[in-house]
Amino acid sequence: MSINYTGLIPLLIQSIKELNAKVEYLETNYAMPGLRATTDIPDTQAEQGATLYQNTPNPFSETTQIKFHIPSSVKNASLCIYNLQGNQIKQFNIAQRGNGSQEISGREFTAGIYLYALITDGKEVDVKRMILTE
């Protein structure tokens, strides 16, 4: 048995587009004063802990941005990109602390689904998925 991951991409993209349309509708029609979009990094994050956010846009074809927060107490931090076989294909060492972001170029990879993880002081903080289209 096997799974055709490439064949899943169009289905995933369509689902994400439908969800994005619903979110945009809700944000436009039911926005409450003072609330920010969920992709924004909260101002009160300060020193609460390392946090990894979903890349935007997702799916993407040219570039995407991954936001994160790393407390000043963290000595080593990196953002690692993995293929679905679990092989690490790219690593970005992160020197800055506080709120930050890393831009990813789609030209560096082939179309498909990738995982990315924030690792601080040797511990995995979180893992998220991103979809690269042709």
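It should be emphasised that the depicted structure is a prediction, and the values quoted were computed from it without experimental measurement. Computation of the quantities below employed the complete heavy-atom set of this structure, encompassing side-chain atoms and omitting hydrogens, waters and symmetry-equivalent molecules.
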How far does CD of Q96 sit from NE2 of H69, to the nearest 0.5 angstrom? 10.5 Å
Measuring only between side-chain heavy atoms, which start at C-beta, is L84 closer than 4.5 Å to L115? yes
Would you check, one step at a time, whether the test side chain to side chain contact (heavy atoms under 4.5 Å, CB included) holds for L118 with I66? CA-CA 10 Å; L118 179 62; I66 299 173; over 6 Å; no
At their closest point, which heavy atom of Q91 faces which heavy atom of C80, and how far apart are they? CG-SG, 3.9 Å
Hey, what do you get for CG (N55) to NZ (K128), rounding to the nearest 0.5 Å? 10.0 Å
Where do A50 and V125 come nearest, in terms of heavy atoms and distance? O-CG1, 3.4 Å
Is there a donor-acceptor contact under 3.5 Å linking the side chains of T63 and E103? no
Is there side-chain contact between L52 and L79, with heavy atoms separated by less than 4.5 Å? yes
Should R129 and I131 be marked as a side chain to side chain contact (heavy atoms under 4.5 Å, CB included) after you check the CA-CA gap, both sets of side-chain angles, and the distance that decides it? CA-CA 7 Å; R129 287 185 209 119; I131 300 172; 5.9 Å; no
How long is the gap from CG on N83 to CD on Q88, to the nearest 0.5 Å? 10.5 Å
Measuring only between side-chain heavy atoms, which start at C-beta, is I104 closer than 4.5 Å to Y114? no
For the CZ atom of F109 and the CG atom of L132, what is their distance to the nearest 0.5 Å? 8.0 Å
Backbone of N76 reached by a side-chain donor or acceptor of D121 within 3.5 Å: yes
Say you draw a straight line from OH of Y116 to CE of M130; how long is it, rounded to the nearest 0.5 Å? 7.5 Å
Separation between CG (N58) and OG1 (T133), nearest 0.5 Å, reads 9.5 Å
Counting only N and O atoms by type, is there a donor-acceptor contact under 3.5 Å from the side chain of S78 to the main-chain atoms of F92? no
